[in-house]
There are 2 protein chains.
Amino acid sequence: MLKPIKKKSVSDSVFEQLRDEIFSGAMEPGEVVPSERVLAEMLEVNRGAVREALKRLEQARLISIQHGEATRVLDFQKTAGTELLAELLMSPSGDLKPKVAIGVMELRSAIGTDIARRCAERSPGLGEELRQKAQEMADNKKDLEKLRELDMEFWSLMVDGSQNVAYRLVFNSIIDIYEKISGVMAQVVADELRDVEAHIAIADAVEEGRVDDAEFYARDLIKRGEETVRKIADRIGEK
Amino acid sequence: MLKPIKKKSVSDSVFEQLRDEIFSGAMEPGEVVPSERVLAEMLEVNRGAVREALKRLEQARLISIQHGEATRVLDFQKTAGTELLAELLMSPSGDLKPKVAIGVMELRSAIGTDIARRCAERSPGLGEELRQKAQEMADNKKDLEKLRELDMEFWSLMVDGSQNVAYRLVFNSIIDIYEKISGVMAQVVADELRDVEAHIAIADAVEEGRVDDAEFYARDLIKRGEETVRKIADRIGEK
DNA sequence: GTGGTCAACTGGTCAGACCAGTTAACCAGT
DNA sequence: ACTGGTTAACTGGTCTGACCAGTTGACCAC
């Protein structure tokens, strides 16, 4: 199928180039970034475009800008938020970093279990809607990509039910990853996607406010993807 | 003590103003943002300053910009990452939103326990350093602010030890909150800060690779702050 | 040594022009 | 009635070139 063409503006390119330099370690924390005028000259673009890119890098906590002083690279590992996870997961060449991938799956497990618990605690009324979503999954058992979408919606409901904005924001960053590498992801969590019974079990537990059960079923479900990723990473590590 | 003066640039002001409009709901998801030229005129600033602010909002996933089309407000609850937690926690007037605060503490609990476990699993060598940090805490039992800093360093070591970038990024966002409201925070987690024994117990568990113990002690330690915040929030809710 | 001055950086702001993509209304031609 | 081309009026994207405003360090006078 045809897809919309991604346009890249000049400031986007500047942003990406500097971001990759920082992620790759070519520009180290504390190092000074060339001045805006110099950067503009080096990249053969307007200073305004450079400034826009620098503002974005600053917003992403990758650099520190101070009027009058030189702009410096920050240690993004100590300052950035989860919104950078997806970009961090992918090396500039396009393949995934195994260690980061494992980390993401662990994060997913850590919050996923508590999301289920809080949802059961605070929003038992969502049980019915959750079960419907699970039923939809049962009706689409063959289309892995569709399943992935439905599973995402299932969990999105749960996150809403947990009534926790912090979880919501972390969830957003994880979903961001899912959508950027949906093909790989659907494979990795295929086991989870196909287990409609587990989804229903969670829905029932939520509906009846059985917080421990909701957490238990969620943990049991989520851990599979984590283990799959770990196995794949190990295999890559052996090479 | 004297503090450095915070300077605010024009584009910062534009950014904050629009961000608050979005956070407060005054600008709803899907709504169109006035065009750059109009915004510049309304705010009586240069268009370049407006563009820089819009680029930052775009990076923060609060708006969507498309060449030729109108710029639109996104549903930040469905797109933003954890870097916005601190800003989201504080209402424009300056006080804290109880519901968000509870959410942050739950997130802290969810990842904190697994951080301890992974640290014990992957970096038992850190045990000694952790114990030293705990000892430092014992030496500064009276200075709550100092304790808070040391506790932060203790946990930062643990996050390093967990060898999980995803946890690191979430941790960064939480620390960001700690530092923006350090006074309040030190009070809320005072119980945790003063319990040096618990910190040492975790350090020992890490050193000997006792993953379950590390997790258990961490959970026991962290849950106190969570409960404190919940109590305070309940008290506010009663009013 | 203290404090003033100045030049040479840095980033911040600005006005005004033009390029480029999107949309909708209009207008052929089929 | 539909298709496709044209045009005008938006939108954001890029650019030039200027000036304002902090920071630093070298230099100088007291």
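Below, chain A is the first sequence line, B the second, and so on; all start at residue 1.
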Between CZ of A/Arg37 and P of D/dC15 the distance, given in whole Å, is 16 Å
Tell me which residues in residues 6-20 of chain B put a heavy atom below 4.0 Å from DNA chain C, sorted by number, or none.
-> B/Ser9, B/Val10, B/Ser11
How about B/Asp95 and B/Ser91: does a side-chain donor come under 3.5 Å of a side-chain acceptor?
-> yes
Residues touching DNA chain D, which here means a heavy atom under 4.0 Å, drawn from residues 66-75 of chain A | A/His67, A/Gly68, A/Glu69
Validation: residues 102-116 of chain B side-chain donor-acceptor distances under 3.5 Å, sequence neighbours left out:
residue: B/Glu106; atom: OE1; partner: A/Arg122; partner atom: NH1; Å: 3.4
residue: B/Glu106; atom: OE1; partner: A/Asn164; partner atom: ND2; Å: 2.9
residue: B/Glu106; atom: OE2; partner: A/Arg122; partner atom: NH1; Å: 3.4
residue: B/Glu106; atom: OE2; partner: A/Arg122; partner atom: NH2; Å: 2.4
residue: B/Glu106; atom: OE2; partner: B/Arg230; partner atom: NH2; Å: 2.8
residue: B/Arg108; atom: NH1; partner: B/Tyr178; partner atom: OH; Å: 3.0
residue: B/Arg108; atom: NH1; partner: B/Glu192; partner atom: OE1; Å: 3.1
residue: B/Arg108; atom: NH2; partner: B/Glu192; partner atom: OE2; Å: 2.5
residue: B/Arg108; atom: NH2; partner: B/Ile222; partner atom: O; Å: 2.9
residue: B/Ser109; atom: OG; partner: B/Met105; partner atom: O; Å: 3.1
residue: B/Ser109; atom: OG; partner: B/Glu226; partner atom: OE1; Å: 2.5
residue: B/Thr113; atom: OG1; partner: B/Ser109; partner atom: O; Å: 3.1
residue: B/Thr113; atom: OG1; partner: B/Ala110; partner atom: O; Å: 3.2
residue: B/Asp114; atom: OD2; partner: B/Arg118; partner atom: NE; Å: 3.2
residue: B/Asp114; atom: OD2; partner: B/Tyr167; partner atom: OH; Å: 2.5

Residue set satisfying salt bridge (Lys or Arg N to Asp or Glu O under 4.0 Å) with A/Arg131, at least two apart, ordered chain then number -> A/Glu128, A/Asp204, A/Glu207
Who passes salt bridge (Lys or Arg N to Asp or Glu O under 4.0 Å) against A/Asp176, sequence neighbours left out?
-> A/Lys180, B/Arg61
Those residues that, when tested against A/Ala70, pass side chain to side chain contact (heavy atoms under 4.5 Å, CB included) (two or more places apart) = A/Val32
Outer limits of DNA chain C sitting under 4.0 Å from a non-hydrogen atom of chain A, read 5' to 3', are C/dT10 to C/dT22
A/Glu145: what forms a salt bridge (Lys or Arg N to Asp or Glu O under 4.0 Å) with it, not counting sequence neighbours?
-> A/Arg148
Sequence neighbours excluded, which residues qualify as ring-ring contact (aromatic ring centres under 6.0 Å, His included) partners of A/Phe76?
-> A/Phe23
Could you tabulate the donor-acceptor pairs under 3.5 Å formed by side-chain atoms of residues 133-142 of chain A, not counting sequence neighbours?
residue: A/Lys133; atom: NZ; partner: A/Glu153; partner atom: OE1; Å: 2.7
residue: A/Asn140; atom: ND2; partner: A/Glu136; partner atom: O; Å: 2.9

Ion pair B/Lys146/B/Asp143, N-O distance below 4.0 Å = no
Which parts of residues 42-62 of chain A get close to DNA chain D, meaning a heavy atom less than 4.0 angstrom away?
-> A/Val45, A/Asn46, A/Arg47
Look at B/Glu41 together with B/Arg47 and state whether they make a salt bridge at an N to O cut-off of under 4.0 Å.
-> no
Across all chains, not counting sequence neighbours, the salt bridge (Lys or Arg N to Asp or Glu O under 4.0 Å) partners of B/Lys7 are none
Neighbour count >12 (heavy atoms, 6.0 Å) for atom CD, B/Glu179 = yes
